[in-house]
Amino acid sequence: MATRGRGGKTGGKRNQKSGKKDGGAEDPDVEQQTTCEVCKEVVGNLDKGLECEICSGWFHNYCENVDDNLYDTVTDNPDKIHWYCAACDKTAVKLLTSMALLTKRQDQLDEKYTKFFRGQEETNRELKEGINKCVTSCISEMEERNERKNNVMLFKLPESDSNTAEVRKKYDIDMCTKMFNEVLQVQVDVIKSFRLGKRDATKSRPIKVILGSEEQQISVRRAANKLSVCKDKAYEKVSIQSDLTIRERDEHKQLREIRDKKNEDAEKNGQDERWAVRRGRLVKYRPRQMQDQRQAEEVE
């Protein structure tokens with residue numbers, strides 16, 4: 001900030017208009033003279049004047065109502081004290097207020113951004129954990145389905161009442177082999193069979209049969225409709241189903257519920273269509289096909 005007056009030259013009286021001293025000599029400080037923005041008179045080196053740090057205009061101290069004490073304070077501390085003219089001071093106040101408001105808003109935005117970023121990090125972490133969990137679950141499900149692909153479940157197959165486990169196992173193997181080879185007329189290799197659950201004298205437990213290959217399992221299920229016309233009473237109530245995982249059983253349960261609702265609505269509305277579950281999906285067919293579909297339907 002520039003000032004004038006203190007420390008200036010003390011020669012003869014300054015001619016403010018010509019910049020000359022009395023006697024006609026040129027004042028060496030004439031180039032430094034500027035005009036006061038208020039009174040439009042020259043602010044000479046011998047005048048007490050201040051330069052506004054915003055508009056760069058010069059002002060007599062008395063034109064801006066700056067008393068000698070304030071003037072001396074400003075001129076003694078040019079690097080520490082800033083001075084603005086009255087017009088710029090109003091602007092400066094507004095500017096400083098706006099800057100303070102902007103700074104506050106910036107701080108608020110920074111805080112919100114920080115919270116959002118932290119929240120986003122947490123969301124990304126949870127999403128990553130969820131994806132990893134889902135992938136792990138899917139892999140586990142696929143591995144379990146692959147382990148079960150050669151198996152079939154038999155329901156209501158008569159069970160031996162022997163108290164000897166080996167006798168019961170042999171009985172089951174013989175019953176299964178006879179059913180596959182003679183009733184269903186499918187050649188398969190029975191690797192292993194075992195009953196599920198605790199023994200109950202009032203009913204037969206389900207039996208899981210492990211076959212030699214997935215092709216054999218598919219052949220058995222496709223031939224399962226022959227049980228409905230079997231003359232051997234030991235097999236007339238037997239039903240065959242794939243060895244489903246827990247997830248598959250839940251999916252099939254939902255499909256059956258949807259199927260039953262669709263069939264109920266179709267019957268109420270007199271529609272010439274019915275629904276069935278085929279290989280994990282709903283299939284629509286006409287009533288004239290019902291007999292063939294019923295025979296070909298895989299037991300769920």
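Keep in mind that the numbers below use all heavy atoms, side chains included, and drop hydrogens, waters and symmetry copies.
- To the nearest 0.5 angstrom, Ile240 atom CD1 is 10.0 Å from Arg221 atom CZ.
- For Val38, the side-chain contact (heavy atoms from CB on, under 4.5 Å) partners at least two apart in sequence or on another chain are Cys36, Phe59, Cys63, Glu64.
- By the 4.5 Å heavy-atom criterion applied to side chains, Thr97 and Val93 are counted as neighbours.
- Atom CG of Leu196 has more than 12 neighbouring heavy atoms from other residues, nucleotides or ligands inside a 6.0 Å radius.
- Judged by distance alone, with hydrogens and angles left aside, the side-chain atoms of Asn146 form no donor-acceptor pair with the main-chain N or O of Met142 at under 3.5 Å.
- When all heavy atoms are compared, the tightest approach of Leu255 to Leu282 is O-CD2, 3.7 Å.
- Between the side chain of Asn124 and the backbone N or O of Gln120, at least one donor-acceptor pair lies under 3.5 Å.
- Between the side chains of Thr245 and Glu141, at least one donor N or O sits under 3.5 Å from an acceptor N or O.
- Counting heavy atoms of neighbouring residues, nucleotides and ligands inside a 6.0 Å radius, atom CD of Glu236 exceeds 12 of them.
- Counting only heavy atoms from C-beta outward, the side chains of Ile258 and Trp275 never approach each other to under 4.5 Å.
- In this structure, Glu122 pairs ionically with Arg125, as a charged nitrogen and a carboxylate oxygen lie closer than 4.0 Å.
- Residues Cys176 and Ile207 come closest through the heavy atom pair SG-CD1, 4.1 Å.
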Next item on the list: Using the salt bridge (Lys or Arg N to Asp or Glu O under 4.0 Å) rule, take Glu144 and Arg148 through it: C-alpha gap first, then chi angles, then the decisive distance, then the call.
Entry: CA-CA 6 Å; Glu144 186 176 0; Arg148 296 169 181 251; 2.7 Å; yes
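- Atom CG of Asn45 sits about 14.5 Å away from atom NZ of Lys48, to the nearest 0.5 Å.
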Checklist line | Pair Thr73-Ile81, side chain to side chain contact (heavy atoms under 4.5 Å, CB included): steps then yes or no | finding: CA-CA 8 Å; Thr73 301; Ile81 298 178; 3.4 Å; yes
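- The closest donor-acceptor contact from the side chain of Tyr235 to the backbone of Met175 lies under 3.5 Å.
- Across every non-hydrogen atom of Val152 and Gln217, the tightest pair is CG1-CG, 3.5 Å.
- Residues Asp172 and Arg168 are not paired through a salt bridge, judged by the lack of any N-O separation under 4.0 Å between the basic side chain and the carboxylate.
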Next item on the list: Starting from the C-alpha separation in whole Å, work towards a yes-or-no answer on salt bridge (Lys or Arg N to Asp or Glu O under 4.0 Å) for Glu121 and Lys115.
Entry: CA-CA 10 Å; Glu121 285 185 334; Lys115 290 182 179 180; over 6 Å; no
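- Not one N or O on the side chain of Asp89 forms a donor-acceptor pair closer than 3.5 Å with the backbone of Tyr84.
- Between the side chain of Lys237 and the backbone N or O of Lys156, no donor-acceptor pair lies under 3.5 Å.
- For Ala266, the side-chain contact (heavy atoms from CB on, under 4.5 Å) partners are Gln271, Glu273, Arg274, not counting sequence neighbours.
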Next item on the list: Step by step, work out the side chain to side chain contact (heavy atoms under 4.5 Å, CB included) result for Asp68 and Asn61.
Entry: CA-CA 8 Å; Asp68 291 342; Asn61 62 333; 3.8 Å; yes
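- Ion pairing between Asp232 and Lys178 holds under the 4.0 Å rule for side-chain N and carboxylate O.
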Margin query: Pair Glu37, Cys85 - check side chain to side chain contact (heavy atoms under 4.5 Å, CB included), show working.
Written below: CA-CA 10 Å; Glu37 298 293 334; Cys85 67; over 6 Å; no
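- By the 6.0 Å contact criterion, CZ on Arg281 is open, its count of non-hydrogen atoms from other residues, nucleotides or ligands being 12 or less.
- A side-chain donor from one of Asp110 and Gln106 sits under 3.5 Å from a side-chain acceptor of the other.
- Atoms CD1 and CH2, from Ile54 and Trp83 in turn, are 10.0 Å apart once rounded to the nearest 0.5 Å.
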Next item on the list: Any chance you could lay out the side chain to side chain contact (heavy atoms under 4.5 Å, CB included) test for Ser213 and Lys149, step after step, and finish with the verdict?
Entry: CA-CA 8 Å; Ser213 66; Lys149 66 181 181 180; over 6 Å; no
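- Separating the CZ atom in Phe180 from the CG atom in Asp189 is a distance of 11.0 Å, to the nearest 0.5 Å.
- A salt bridge is defined here as a Lys NZ or Arg NE, NH1 or NH2 lying under 4.0 Å from an Asp or Glu carboxylate O, and Glu251 with Arg145 meets this definition.
- Looking only at distances, a side-chain donor or acceptor of Asn150 sits under 3.5 Å from a matching main-chain atom of Glu214.
- Between Lys133 and Glu129 there is no salt bridge, since no side-chain nitrogen of the basic residue lies less than 4.0 Å from a carboxylate oxygen of the acidic one.
- When all heavy atoms are compared, the tightest approach of Cys230 to Val183 is SG-CG1, 3.8 Å.
- Annotation for Ser228 and Asn225: closest pair OG-O, 2.6 Å, computed over non-hydrogen atoms.
- When side chains are defined from C-beta on, Arg222 does not count as touching Leu184, because their heavy atoms never get closer than 4.5 Å.
- For the residue pair Ser204 / Arg195, no side-chain donor-acceptor distance below 3.5 Å is found, with atom types taken as modelled.
- Screening Val74, Val43, Leu70 against Leu50 for a side-chain contact (heavy atoms from CB on, under 4.5 Å) leaves a single residue, Val74.
- With Arg259 contributing its side chain and Ala276 its backbone, the two residues share no donor-acceptor pair below 3.5 Å.
- Heavy atoms from other residues, nucleotides or ligands lying under 6.0 Å from OH of Tyr113 number 12 at most.
- Between the side chain of Thr177 and the main chain of Asp174, no donor-acceptor pair closer than 3.5 Å is present.
- Here the CG-NE2 distance, from Asp47 to His60, works out to 4.5 Å after rounding to the nearest 0.5 Å.
- The minimum heavy-atom distance between Met153 and Ser242, with the atom names listed, is CG-O, 3.9 Å.
- Taking 4.0 Å as the cut-off between side-chain N and carboxylate O, Arg205 and Asp200 do not count as a salt-bridged pair.
- Put simply, NZ on Lys192 and CG on Asn151 are 10.5 Å apart, with the number rounded to the nearest 0.5 Å.
- Using a cutoff of 4.0 Å between basic side-chain nitrogens and carboxylate oxygens, Lys268 and Glu264 are scored as salt-bridged.
- Side-chain atoms of Ser160 come within 3.5 Å of backbone N or O of Ser162 as a donor-acceptor pair.
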